[in-house]
Amino acid sequence: MSVIAFKCPDIRVTVVDINQERIKAWNDTDLENLPIYEPGLKDIVATARGRNLFFSTDIDQAIDQADMIFISVNTPTKTYGKGKGQAADLKYIELCARNIARVAKDDKIVIEKSTLPVRTAQAIKNILDNTGNHVNFEILSNPEFLAEGTAINDLLNADRVLIGGDSTPGGEAAKQALSSIYENWLPKERILLTNVWSSELSKLVANAFLAQRISSINSISALCEKTDANVDEVAKAIGLDSRIGPKFLNASVGFGGSCFQKDILNLVYIAKSYGLEEVANYWDQVIKINDYQKQRFADTILSTLYNTVAGKKIVFYGWAFKKDTNDTRESAAIYVADALLEEQAEIVVYDPKVSEQQIYADLDRLNTRSEQENRRLLRVSKDPLDSVDDAHAIAVLTEWDEFKTLDWEKIYTKMLKPSFVFDGRRILDSNKLNGIGFKYYRIGES
Ligand SMILES: NC(=O)C1=CN([C@@H]2O[C@H](COP(=O)(O)OP(=O)(O)OC[C@H]3O[C@@H](n4cnc5c(N)ncnc54)[C@H](O)[C@@H]3O)[C@@H](O)[C@H]2O)C=CC1
Ligand SMILES: O=C(O)[C@H]1O[C@H](OP(=O)(O)OP(=O)(O)OC[C@H]2O[C@@H](n3ccc(=O)[nH]c3=O)[C@H](O)[C@@H]2O)[C@H](O)[C@@H](O)[C@@H]1O
């Protein structure tokens, strides 16, 4: 919404949220305190905020004044009841729809920006159309394809924008109205108009295909480690085939982030609910390989450190699910740490953007051990070099650029010998590290 406000000074954008703390942070005069760390976002907010971009907790007033409403609330995996562990929890979406239905006095275009199961628009429409106040609602699906860490660039130069809506005159007019906003900065050819159901489903499928590429290359990384093949060489060799393409083939300790797993689980659930067991099993395998990859990385650390890590200090470089974000949702680091803590390892975490409070919250949420035990076994450090004294091993969990240029000679002198480095992101220079004397392992290479 900040980018829309930035690019369209004539449109008044109000972002509302029930979370007062978040809205307060979005309004903080110190732009360092915005609740999300995202390169370039600060400048966009600085330009638009107070001009035509506003952050507020007065949801009813914003609904009343709006011509268009983007529903962008969270749609997490259900943790209870039918579909627990797979289906998307739509309670926040429904609450929004009910709120809009209660407050709206004139016609509105309601846009699904959240990622939703196919056919959710029908449920939203039913709620909105049964209010009895004769307001006409047009429902559009406009899924978001930005990736965290590169969000601003992804939005400014989107490959495509997808707008799904009815083919009635009202639906067509609504699609055009939304398209005209994006046309302020994107060529018309990149704005794809479809029916609602194709749009909803395309979002889930796009994430499933992206995640599938990572699981595919990660499965091959395990094979490379057994066969003396090098996963980067394999990725390059296959990626040069223009039908396959080079992107999203970086082997890693496993994909994280709030969406890939959630959206694939949702796809699996939808396929099952239509009786398509084979389809469901096919996509479920993408998650299974991802879990396997995280476990495999933890197992490699354990077996390399002579099958015991109890009382051994292992330093984690990185906790975020990818570089250039402070988001840790479903980060591989959480699960690798949990597996090693089960072995009584002593972990020290250094991440340039993630807070200590967040790291403990991530671990506590797993409920594997008591909160006290998590704090006894895991410490958070603010300095990548101070943390490595007497460490047995360093594990790289996030591909932050700064890890490449650390003083690795100095780090080596501080660690116990033999000094192990486990590179879950393949970002370090193997010749250099081996030259210094490290025992260097990286995913996808023997
Ligand atoms: N994070 C990302 O990079 C992307 C997220 N998405 C989708 O966007 C949606 C939101 O994702 P995030 O922003 O990451 O979630 P989030 O959990 O960070 O933010 C959702 C916000 O909605 C607020 N909220 C919940 N119920 C509300 C209500 N009734 N009224 C007003 N505010 C309410 C919450 O307080 C929270 O601040 C999800 O469906 C996700 O799949 C899609 C593409 C990218
Ligand atoms: O629906 C969403 O939320 C978004 O999910 C992903 O974006 P995001 O999760 O923010 O970040 P990605 O760049 O896709 O990375 C996801 C995970 O995969 C990992 N990854 C990515 C690429 C790769 O080659 N290898 C790999 O392990 C990353 O390190 C990260 O843990 C999609 O890329 C976005 O298009 C989508 O809008």
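Whatever order the structure lists ligands and atoms in, that order sets their numbers, starting from 1.
Pairing each heavy atom of Ser252 with each of Arg425, the nearest pair is CB-NH1, 3.9 Å.
A salt bridge does not link Lys108 with Asp67: every distance from a Lys NZ or Arg NE/NH1/NH2 to an Asp or Glu carboxylate oxygen is 4.0 Å or more. Using a cut-off of 4.0 Å between Lys/Arg side-chain N and Asp/Glu carboxylate O, Lys113 and Glu144 are scored as salt-bridged. Salt bridge annotation for Arg365-Asp362: present, with a cationic side-chain nitrogen under 4.0 angstrom from a carboxylate oxygen. In this structure, Arg426 does not pair ionically with Asp423, as no charged nitrogen and carboxylate oxygen lie closer than 4.0 Å.
For a heavy-atom separation below 4.0 Å, the residues in contact with ligand 2 are Glu144, Phe145, Leu146, Ala147, Glu148, Lys203, Asn207, Leu210, Ile214, Phe248, Leu249, Asn250, Ser252, Phe255, Gly256, Cys259, Phe260, Phe321, Lys322, Arg425. The immediate protein surroundings of ligand 1, defined as residues with any heavy atom under 4.0 Å of it, consist of Asp17, Ile18, Asn19, Arg22, Ile59, Ser72, Val73, Asn74, Thr75, Tyr92, Cys96, Ser114, Thr115, Glu144, Leu146, Glu148, Lys203, Cys259, Lys262, Arg329.
Between Tyr37 and Trp400, the ring-plane angle classifies as tilted under the 30° and 60° cut-offs. The aromatic rings of Phe420 and Phe422 sit parallel, their planes meeting at an angle under 30°, below the 60° perpendicular limit. Between Tyr441 and Phe297, the two ring planes are tilted [angle within 30° to 60°].
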| message | Determine whether Gln293 and Ser221 satisfy the following criterion, side-chain hydrogen bond (donor to acceptor under 3.5 Å, both in side chains), listing intermediate values before the conclusion. | response | CA-CA 9 Å; Gln293 189 76 346; Ser221 75; 3.0 Å; yes

